[in-house]
There are 2 protein chains.
Amino acid sequence: MISATEITKFGAEKLSFQKDEYIFREGEKALYYYQVASGEVKMNNYHEDGKEFIQAIFSAPRSFGEPPLFAEIEYPANAVAVTKAEVYRIPKKEFFKWLLANPSIHLQVSKGLATRLHYKAIMASELSQQNPENRILRILDYLKQQAKHSSKKHTFKVDLTRQQIADLTGLRVETVIRTIKSLAAKNEVEIIERKVYR
Amino acid sequence: MISATEITKFGAEKLSFQKDEYIFREGEKALYYYQVASGEVKMNNYHEDGKEFIQAIFSAPRSFGEPPLFAEIEYPANAVAVTKAEVYRIPKKEFFKWLLANPSIHLQVSKGLATRLHYKAIMASELSQQNPENRILRILDYLKQQAKHSSKKHTFKVDLTRQQIADLTGLRVETVIRTIKSLAAKNEVEIIERKVYR
DNA sequence: ACTCGTTTATGATTCCAGTCATAAAATAAG
DNA sequence: CTTATTTTATGACTGGAATCATAAACGAGT
């Protein structure tokens, strides 16, 4: 969201996290603006039965964890490093000082919020109907479009495990495996060396 | 979001809609900021099978339809009057001029976006697991908290039909009816004259 | 090359929300 | 008041994703 040069100018700390390390946890007070510098970060929830739900996966230079700063609420989900990752961090107070001094950056941040709201609206609608094929295709199409990838058929490599797709769509691994196979049979996706192409 | 006196000062139009009338439609270009003056407005999608999904229901003085202004995308859902309703409308250009001139209002708008994102994140997580009881309770709890209602048990009257709850949770009416009965038996809600209290 | 943990794969079975049909109760319209 | 429409309610049946079990294929590490 914010250029690397500019963010360091603003006194951001750069933190390192190992794979599977927590950056913050659900229920904690929101104190910082975060932005991915390298690697990947996911936000997730766990249901009572232990089943994971992945709200989103972020890679550089996306920001995350800022909505609770605005809404003045606790974190509604955990942030966890999916891979070894580096993250910029700016204290809440500094962040707001900065926004007020830079209306155009504030607008960028608002745009980021609106974009994520859009994604969530689409996913909520898709999750509400239980059809596994649509759930999976929507996630894949979203990722493809996010990656600003050409819209050519079966050229976008989906870099997610079947389990991650399951956790993003609320399905079970077995269902994802079976559904992706059936989608491949319908020529909606292609499977090459176990990787999914959309 | 914005006070009635202030919004008229800013040259907002006030429009009237009959029950079930469309304010805008999915896929249209976003040209205005909207705010409810009276009545209720819902945003919804229709699946291929004709099943409705209600993204949210708004009443005064909540704003709606502004995320696409920021994200510069088409409307991802329809806006429809649930009851006879009045709505303020400000052209996109004026809206942004206004935001840039009033950083504190821009902050309010960002807060509104963040709050809705929060709601959607919770609902997405809840929709992803198929347990009907949790889906319904989450919606009810959210509405109760939104109404800034006391947290006393079974004092909040849910002013939704079973069908609306179904469309908000992605369940079927029959399932909602049966699940609410079973929730009443477990003392999670109370049913008085067919109305649900949480 | 071998071991261990992860990921993908497949079959059999269960369970529960969806579906369909039908109707009573409540509310709106005339 | 009477009729029409909407909302709530119930029972019987079905379908399909979850669940459980088991195993093959792959990748990381030694």
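The model shown is predicted, which means the values in this text are computed figures rather than measured ones. We name chains A, B, ... by the order of the sequence lines, and we start the count at 1 in each one. All values below were derived from every heavy atom in this structure, side-chain atoms included, with hydrogens, water molecules and symmetry-related copies excluded.
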Notebook entry, point to check: C:dA25 P sits how many Å from B:Ile191 CD1, rounded?
Noted result: 16 Å

Note to self: Restricting to non-hydrogen atoms, name the atom on A:Ala71 and the atom on B:Lys111 that form the minimum distance, rounded to 0.1 Å.
What the structure shows: CA-CG, 4.1 Å

Note to self: Suppose we call a contact any N or O donor and acceptor under 3.5 Å apart; does that hold for the side chain of A:Arg178 and the base of C:dG11?
What the structure shows: yes

Check: Do we see a donor-acceptor contact under 3.5 Å between the side chains of B:Asp167 and B:Gln163?
Finding: yes

Check: Over how many whole Å does the gap from A:Lys19 atom NZ to D:dA28 atom C1' extend?
Finding: 12 Å

Checklist line | Among C:dG18, D:dT8, D:dA17, the nucleotide that comes nearest once only the side chain of A:Thr175 is considered | finding: D:dA17

Note to self: Between A:Lys181 and C:dT8, is there a contact of a side-chain N or O with OP1 or OP2 at under 4.0 Å?
What the structure shows: no

Check: Does a distance-only test, which skips hydrogens and angles, find a donor-acceptor pair under 3.5 Å between the side chain of A:Glu174 and the base of D:dC20?
Finding: yes

Checklist line | Sequence-distant partners of B:Gln129, side-chain hydrogen bond (donor to acceptor under 3.5 Å, both in side chains), two or more places apart | finding: B:Glu126

Margin query: Can you measure A:Asp167 atom CG to D:dA18 atom P for me and round it to whole angstrom units?
Written below: 12 Å

Notebook entry, point to check: Between C:dA17, D:dA9, D:dA17, which one does the side chain of B:Ile177 approach most closely?
Noted result: D:dA9

Item checked: Main-chain N/O of A:Asn187 paired with A:His154 side-chain donor or acceptor, under 3.5 Å -> yes

Notebook entry, point to check: How long is the line joining CG of B:Leu183 and P of C:dA17, in whole Å?
Noted result: 11 Å

Item checked: ILVMFWY network linking B:Val82 to B:Phe24, side-chain heavy atoms under 4.5 angstrom -> no

Margin query: Between P on D:dT8 and CD1 on B:Ile192, what's the gap in Å once rounded to a whole number?
Written below: 15 Å

Check: Would you find a donor on one side and an acceptor on the other, under 3.5 Å apart, between the side chain of B:Asp49 and the backbone of B:Lys51?
Finding: yes

Check: OP1 or OP2 of D:dT8 sitting under 4.0 Å from any side-chain N/O of B:Arg162?
Finding: yes

Margin query: For the backbone of A:Val36 and the side chain of A:Arg62, can you confirm whether one donor and one acceptor N or O come within less than 3.5 Å of each other?
Written below: no

Next item on the list: With DNA chain D as reference, determine whether B:Gln163 or A:Arg135 sits nearer its 5' end, using the nearest nucleotide of each.
Entry: B:Gln163

Note to self: Is the phosphate of C:dT7 approached by A:Thr161 (side-chain N or O, under 4.0 Å from OP1 or OP2)?
What the structure shows: no

Check: Counting only non-hydrogen atoms, which of residues 43-57 of chain A are less than 4.0 Å from DNA chain C?
Finding: none

Checklist line | Between P of D:dT7 and CG of B:Asp159, the distance in whole Å | finding: 12 Å

Next item on the list: Round to a whole Å and report the spacing from CD1 of A:Ile180 to C1' of C:dA9.
Entry: 12 Å

Check: Starting at CD of A:Glu133 and ending at P of D:dG15, how long is that distance when rounded to a whole Å?
Finding: 18 Å

Checklist line | 5' priority, DNA chain D, between A:Arg194 and A:Val176 [closest heavy atom] | finding: A:Val176

